[in-house]
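Read through the structure below, which is laid out as structure tokens, and then see the notes.
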Amino acid sequence: DAGVIQSPRHEVTEMGQEVTLRCKPISGHNSLFWYRQTMMRGLELLIYFNNNVPIDDSGMPEDRFSAKMPNASFSTLKIQPSEPRDSAVYFCASSLDFGGVNEQFFGPGTRLTVL
Amino acid sequence: AQTVTQSQPEMSVQEAETVTLSCTYDTSESDYYLFWYKQPPSRQMILVIRQEAYKQQNATENRFSVNFQKAAKSFSLKISDSQLGDAAMYFCAYRSSVIQGAQKLVFGQGTRLTINP
């Protein structure tokens, strides 16, 4: 089992540039989550998809952030334009939502640095 | 909204000793799930242990066990026979049991655990 795959693992970009983070969930999982981890705010949910449909995007900071899930095996998180305060580790997680405990499996994260 | 509080930013323990990490949470729900995640320097989030609120019995996973006090809204993690590989950030997390719309994990601020050889 390959687990949740995220790319790139590291991204360094300049302020104003567009950044796209990618995630491949575990095959068969029907829920996908994007979390952000910063020193100041800790780990917080940005957006959550179930069966490719966004269910909760209340954590998306502002219009500069957008997320898509065109199919069950792929999701993107885009930041346009990027700002230094977006520097963080971005995690993607997936789970099989069957109504029970639904363990979330995390990817290795993408460390984003915006200069 | 639910909140999770870890009041110990850092803890240290001698190898082979036992350490307990504290976690409290606030919720108006009666049914939910609680988790402890470990984040080593590799930054990979690893599930350590989980507890369903409707279960009175405390969960255990090998050297890891929890003390779940529902009335007090407390969920502490005990690590027995600490090993060097246990050194990591530990996060307590809460999740509602609602089937849809509340699947997100709410995390505490984390506790950095150091193991002294």
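What you are looking at is a predicted structure, and each value in this text was computed from that prediction instead of being measured. Per chain, numbering begins at 1; letters A, B, ... match sequence-line order.
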| message | I'd like to know whether B:L105 forms a side chain to side chain contact (heavy atoms under 4.5 Å, CB included) with A:Y35, so could you lay out the CA-CA distance, the side-chain angles of the two residues, the decisive distance to 0.1 Å, and finally the verdict. | response | CA-CA 9 Å; B:L105 291 169; A:Y35 291 91; 3.4 Å; yes

| task | Might you work through the side chain to side chain contact (heavy atoms under 4.5 Å, CB included) test for B:R43 and A:R111, ending with a clear yes or no? | result | CA-CA 10 Å; B:R43 79 169 179 250; A:R111 180 178 293 280; 3.7 Å; yes

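Heavy-atom distances place the side chain of B:R50, and not its backbone, under 4.5 Å from chain A. Neither the backbone nor the side chain of A:F105 has a heavy atom closer than 4.5 Å to any heavy atom of chain B. For B:F91, the part lying under 4.5 angstrom from a heavy atom of chain A is the side chain only. Neither the backbone nor the side chain of A:E44 comes within contact range of chain B, judged by heavy atoms closer than 4.5 Å.
Atom NZ of B:K70 has more than 12 heavy atoms from other residues, nucleotides or ligands within 6.0 Å. For CG of A:N71, the number of neighbouring non-hydrogen atoms (other residues, nucleotides, ligands) closer than 6.0 Å is greater than 12. A:R9 CZ: more than 12 foreign heavy atoms inside a 6.0 Å radius. Remark: B:Q57 CD is loosely packed, at most 12 non-hydrogen atoms of other residues, nucleotides or ligands lying under 6.0 Å away. For NZ of B:K73, the number of neighbouring non-hydrogen atoms (other residues, nucleotides, ligands) closer than 6.0 Å is greater than 12.
Contact count versus chain B (heavy atoms, under 4.5 Å) is highest, among A:G59, A:G42, A:G107, for A:G107. Put simply, of A:G109, A:S31, A:S95, the one with the most heavy-atom pairs under 4.5 Å next to chain B is A:G109.
Under the 4.5 Å side-chain heavy-atom criterion for Ile, Leu, Val, Met, Phe, Trp and Tyr, A:I79 and A:F91 are members of distinct hydrophobic clusters. Clustering ILVMFWY residues whenever any of their side-chain heavy atoms sit less than 4.5 angstrom apart, transitively, puts B:W36 in a cluster other than the one holding B:M89. B:L84 and B:Y90 fall within the same hydrophobic cluster, where Ile, Leu, Val, Met, Phe, Trp and Tyr residues are linked whenever their side-chain heavy atoms come under 4.5 Å apart, directly or through other members. In this structure, A:L21 is not a member of the same hydrophobic cluster as A:I5, with clusters built from ILVMFWY side-chain heavy atoms closer than 4.5 Å.
The line from OH of B:Y37 to CD of A:E103 is 5.5 Å long, rounded to the nearest 0.5 Å. Taking CD of A:Q104 as the reference point, atom CZ of B:F35 lies at 7.0 Å (rounded to 0.5 Å). For the atom pair CD (B:Q39) and CG (A:L43), the distance works out to 6.5 Å, reported to the nearest 0.5 Å.
In summary, of the residues considered (A:L45, A:I47, A:L46, A:I55), a side-chain contact (heavy atoms from CB on, under 4.5 Å) with B:K104 occurs for A:L45 alone.
Between the side chain of B:Q44 and the backbone N or O of A:F106 there is at least one donor-acceptor pair closer than 3.5 Å.
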